[in-house]
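These notes are about the structure you will find just below.
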Amino acid sequence: MTPPATKPAANNLEAFFMPFTANRQFKKNPRMLAKAKGVHYWTPEGRKIIDGTAGLWCVNAGHGREEIKAAIAKQLDEMDYAPSFQMGHPKAFELAARHAALLPGDLNHAFYCNSGSEAVDSALKIALAYHRANGQGTRTRFVGRERGYHGVGFGGISVGGMVNNRKWFGAMLPGVDHLPHTHLAKNAFSKGQPEHGAELADALEGIVGLHDASNIAAVIVEPCAGSTGYLPPPKGYLERLRQICDKHGILLIFDEVITGFGRLGTSFAAEKFGVIPDLMTVAKGISNATVPMGGVFVRKTVFDGLMNGPENAVELFHGYTYSAHPLACAAASAVLDIYRDENLFERSAELSPYWEAGVHSLKGLPNVTDIRNLGLAAGIDLAPKGPVGTRGYDAFTKAFELGLMVRQSGDAIAMSPPLVIEKAQIDEIIDITAKTIKAVA
């Protein structure tokens with residue numbers, strides 16, 4: 001059957017099966033976005049919404065950047081697609097070299113994919129392949145963390161620790177353990193990194209004692225857990241994880257899909273904390289969300305460990321049709337130019353204290369039980385009312401009604417504005433958030 005000649009009615013919402021959405025609830029009272037520029041969205045009716053979440057943690061350089069549009073259009077005119085299996089195109093190699101120059105330590109190889117979820121599954125497979133190539137094929141177990149989010153692939157939900165992402169899908173990877181989360185009551189209302197909780201990393205020693213290090217491939221954590229309401233790491237926690245992994249020959253994977261590309265005021269969390277992982281997953285800010293893209297940045301020792309056997313042998317039997325897609329590479333390279341020319345990572349660092357003061361000014365408002373921040377991001381916990389998530393959803397919808405987009409996770413709301421945000425716009429975000437919290441009291 002050929003596509004129909006007539007278009008469906010503009011207000012027909014039935015056909016689209018929406019992700020991570022209560023479809024029936026949404027379609028009774030839809031929240032639609034029709035235009036975006038700078039740090040704002042507009043609804044189809046023309047109502048202006050300040051983007052307090054950089055889209056979905058991803059539009060770091062702001063919406064509607066002409067430089068990115070021009071780069072994509074130029075690439076589309078030159079070549080729309082090229083395969084990356086046994087073939088290459090110049091922009092993929094150029095982009096990888098630019099990313100390698102930006103990365104801390106010896107993270108100097110880039111494997112590209114199309115999303116954070118694909119990046120995580122790719123990193124897990126690289127870890128397994130590395131150990132097998134180096135004669136340690138028994139290292140097949142992974143260690144994730146409670147309240148962690150690592151995308152929606154079966155690998156990602158297996159190492160992830162968010163209950164609703166896991167409980168519906170019984171077919172998990174076998175051999176996965178989880179570290180305890182780091183959200184401690186005694187750290188409530190911390191500014192920046194919490195003081196308490198570094199010792200929670202020692203739970204990894206217990207897992208090693210149970211399974212033996214010879215059976216553990218990798219540990220994967222988000223430096224700052226994002227989708228669970230934004231949880232910065234306790235002081236010393238990531239450093240201790242690195243030490244334990246080094247002690248036992250376990251690879252350490254940082255999921256920097258959210259923290260990468262300036263969110264913490266540095267290129268990556270690895271630079272911020274001075275802790276170099278063996279593998280790093282990225283997405284979101286890599287292309288400013290213009291063309292879907294993700295990647296795994298690989299430490300030299302891991303890459304070199306895979307480069308063995310005959311030269312004509314494929315070293316990693318893994319990849320995607322759209323790995324290093326030309327349009328994505330063009331967009332990502334243009335984004336790097338913007339980050340550099342506008343000093344957006346430094347700008348994020350400079351604005352972070354102002355942002356911190358703003359979000360912590362909300363302490364004492366009705367039902368606010370915790371506030372957390374690091375870089376240009378924050379999480380605010382609200383006391384539950386009725387079923388879990390009720391007050392959080394009410395805050396999410398009320399904020400949108402008042403002209404602000406926030407993220408909801410249970411009864412927490414999270415915010416992560418574009419790095420081009422102005423102080424006056426931060427003030428506006430804080431003002432609307434305060435009104436929202438009071439309205440849902």
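Values reported hereafter were calculated over all heavy atoms of this structure, with side chains retained and with hydrogens, waters and symmetry mates removed.
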Item checked: Any side-chain heavy-atom pair of Ser122 and Tyr320 under 4.5 Å -> yes

Next item on the list: For residues Leu374 and Pro233, report the shortest heavy-atom separation together with the two atoms involved.
Entry: CD2-CD, 4.4 Å

Next item on the list: Please assess Met79 against His89 for the test side chain to side chain contact (heavy atoms under 4.5 Å, CB included), listing each intermediate value before the final yes or no.
Entry: CA-CA 10 Å; Met79 181 174 66; His89 64 89; 3.7 Å; yes

Next item on the list: Let me see the working for Arg263 and Glu256 under salt bridge (Lys or Arg N to Asp or Glu O under 4.0 Å), right down to the final yes or no.
Entry: CA-CA 10 Å; Arg263 181 55 54 192; Glu256 294 223 33; over 6 Å; no

Note to self: Under a plain distance cut-off of 3.5 Å, with no hydrogens placed, do Thr369 and Asp381 share a side-chain donor-acceptor pair?
What the structure shows: no

Next item on the list: Can you measure from CD1 (Ile253) to CG (Leu124) and round to the nearest 0.5 angstrom?
Entry: 5.0 Å

Notebook entry, point to check: Is the centre of the His360 ring less than 6.0 Å from the centre of the Phe189 ring?
Noted result: no

Next item on the list: Decide if atom NZ of Lys27 counts as having more than 12 heavy atoms of other residues, nucleotides or ligands within a radius under 6.0 Å.
Entry: yes

Next item on the list: Give a yes or no on whether a salt bridge exists between Arg65 and Glu342, defined as a side-chain N under 4.0 angstrom from a carboxylate O.
Entry: yes

Note to self: Just verifying a value: how many Å separate Leu252 CG and Cys245 SG, rounded to the nearest 0.5 Å?
What the structure shows: 4.5 Å

Note to self: Using side-chain heavy atoms (C-beta onward) and a distance below 4.5 Å, is Val176 in contact with Arg141?
What the structure shows: no

Margin query: Please find the pair of heavy atoms, one from Phe273 and one from Pro223, that lie closest to each other, and give the distance.
Written below: CE1-CB, 4.1 Å

Next item on the list: Could you tell me whether Arg242 and Asp278 have a side-chain N and a carboxylate O separated by less than 4.0 Å?
Entry: yes

Side-chain polar contacts of residues 304-312 - donor-acceptor pairs under 3.5 angstrom, sequence neighbours left out - could you list them?
unit_1: Asp304; atom_1: OD2; unit_2: Lys300; atom_2: NZ; d: 2.9
unit_1: Asn308; atom_1: ND2; unit_2: Ala133; atom_2: O; d: 3.3
unit_1: Asn308; atom_1: ND2; unit_2: Gly305; atom_2: O; d: 3.1

Next item on the list: Flag the pair Cys329 / Met293 as yes when at least one side-chain heavy-atom distance between them is below 4.5 Å, and no otherwise.
Entry: yes

Check: Do any N or O atoms from the side chain of Ser287 and from the backbone of Pro292 form a donor-acceptor pair under 3.5 angstrom?
Finding: no

Note to self: Working to the nearest 0.5 angstrom, can you tell me the gap between Leu231 CG and Ser227 OG?
What the structure shows: 10.5 Å

Note to self: Does Arg347 have more than 12 heavy atoms from other residues, nucleotides or ligands lying within 6.0 Å of its CZ?
What the structure shows: yes

Margin query: Looking at His181 and Arg145, would you say the former's side chain and the latter's main chain have a donor-acceptor pair under 3.5 Å?
Written below: no

Check: Do Gln75 and Pro326 touch side chain to side chain, with heavy atoms closer than 4.5 Å?
Finding: yes

Under 3.5 Å, which donor-acceptor pairs do the side chains of residues 414-422 form with other protein atoms, sequence neighbours left out?
unit_1: Ser416; atom_1: OG; unit_2: Thr53; atom_2: O; d: 3.2

Margin query: Test your reading of the model: is there a side-chain donor-acceptor pair from Arg391 to the backbone of Val440, 3.5 Å cut-off?
Written below: yes

Next item on the list: Carefully, step by step, assess Tyr237 and Glu199 under the rule side-chain hydrogen bond (donor to acceptor under 3.5 Å, both in side chains).
Entry: CA-CA 7 Å; Tyr237 175 85; Glu199 70 281 358; over 6 Å; no

Notebook entry, point to check: So, Ser117 side chain and Gly151 main chain: donor-acceptor pair closer than 3.5 Å or not?
Noted result: no

Next item on the list: Taking all heavy atoms of Asp411 and all of Pro384, pick out the closest pair and write down the distance.
Entry: OD2-CB, 3.5 Å

Check: Under 3.5 Å, is there a donor-acceptor pair between the side chain of Ser190 and the main chain of Gly192?
Finding: no

Check: Can a donor-acceptor pair be found between the side chains of His183 and Glu146 at a distance below 3.5 Å?
Finding: no

Checklist line | His325/Tyr112 aromatic ring centres below 6.0 Å | finding: no

Notebook entry, point to check: Under 6.0 Å between ring centres, would you say that holds for Phe261 and His99?
Noted result: yes

Notebook entry, point to check: Any side-chain heavy atom of Ile50 within less than 4.5 Å of one from Gln425?
Noted result: yes

Check: Any side-chain heavy atom of Asn288 within less than 4.5 Å of one from Asn60?
Finding: yes

Next item on the list: May I have the step-by-step check of side chain to side chain contact (heavy atoms under 4.5 Å, CB included) for Phe396 and Arg31, ending in yes or no?
Entry: CA-CA 11 Å; Phe396 165 70; Arg31 294 169 297 278; 3.6 Å; yes

Notebook entry, point to check: Between Asp51 and Lys37, is the closest basic N to carboxylate O distance under 4.0 Å?
Noted result: no

Margin query: Is it true that Tyr130 and Gln136 share a donor-acceptor pair across their side chains at a distance under 3.5 Å?
Written below: no

Item checked: Gln193 side-chain N/O to Glu195 backbone N/O, donor-acceptor pair under 3.5 Å -> no

Margin query: Treating Arg372 as the side-chain partner and Gly229 as the backbone partner, does any N or O pair qualify as donor plus acceptor under 3.5 Å?
Written below: yes

Checklist line | Nearest heavy atoms of Glu94 and Ser333, plus distance in Å | finding: OE2-OG, 3.4 Å

Item checked: Straight-line distance of Leu376 CG to Glu350 CD, nearest 0.5 Å -> 10.5 Å

Margin query: Tell me the closest heavy-atom pair linking Glu222 and Gly226, and the distance in Å.
Written below: OE2-N, 3.2 Å

Notebook entry, point to check: Below 4.5 Å, heavy atoms only, C-beta onward: do His131 and Leu251 meet side chain to side chain?
Noted result: yes

Next item on the list: Let me see the working for Leu103 and Asn108 under side chain to side chain contact (heavy atoms under 4.5 Å, CB included), right down to the final yes or no.
Entry: CA-CA 7 Å; Leu103 287 156; Asn108 54 16; over 6 Å; no

Item checked: Atom pair CG (Leu238) and CZ (Phe254), whose distance is rounded to the nearest 0.5 Å -> 4.5 Å

Check: Do Leu210 and Val208 pass the side chain to side chain contact (heavy atoms under 4.5 Å, CB included) test, and can you show the C-alpha distance, the side-chain angles, and the key distance before you say yes or no?
Finding: CA-CA 5 Å; Leu210 177 64; Val208 170; over 6 Å; no

Checklist line | Test item: Asn187 side-chain N/O and Pro194 main-chain N/O as donor-acceptor pair under 3.5 Å | finding: no

Check: Tell me, do Leu404 and Ile49 make a side-chain contact under 4.5 Å, heavy atoms counted?
Finding: no

Next item on the list: Give a yes or no on this: more than 12 heavy atoms of other residues, nucleotides or ligands lie within 6.0 Å of atom CZ of Phe85.
Entry: yes

Note to self: Please check if the number of heavy atoms outside Phe400 that lie under 6.0 Å from its CZ is greater than 12.
What the structure shows: yes

Item checked: Distance, nearest 0.5 Å, that separates CG of Asp106 from CZ of Arg299 -> 4.5 Å

Next item on the list: For the pair Thr228 (side chain) and Ala225 (backbone), establish whether a donor and an acceptor sit closer than 3.5 Å, ignoring hydrogens and angles.
Entry: no

Next item on the list: Could you tell me whether the side chains of Thr21 and Asn23 share a donor-acceptor contact shorter than 3.5 Å?
Entry: no

Notebook entry, point to check: Sequence neighbours excluded, which residues qualify as ring-ring contact (aromatic ring centres under 6.0 Å, His included) partners of Phe111?
Noted result: His318

Checklist line | Heavy-atom closest contact (Ala61 atom, Tyr339 atom, distance) | finding: CB-CE2, 4.2 Å

Next item on the list: Would you mind checking if Lys385 and Asp394 are paired as a salt bridge, meaning a charged N to carboxylate O distance below 4.0 Å?
Entry: yes

Check: Has the side chain of Ser115 got a donor or acceptor atom that lies under 3.5 Å from a matching backbone atom of Glu118?
Finding: yes

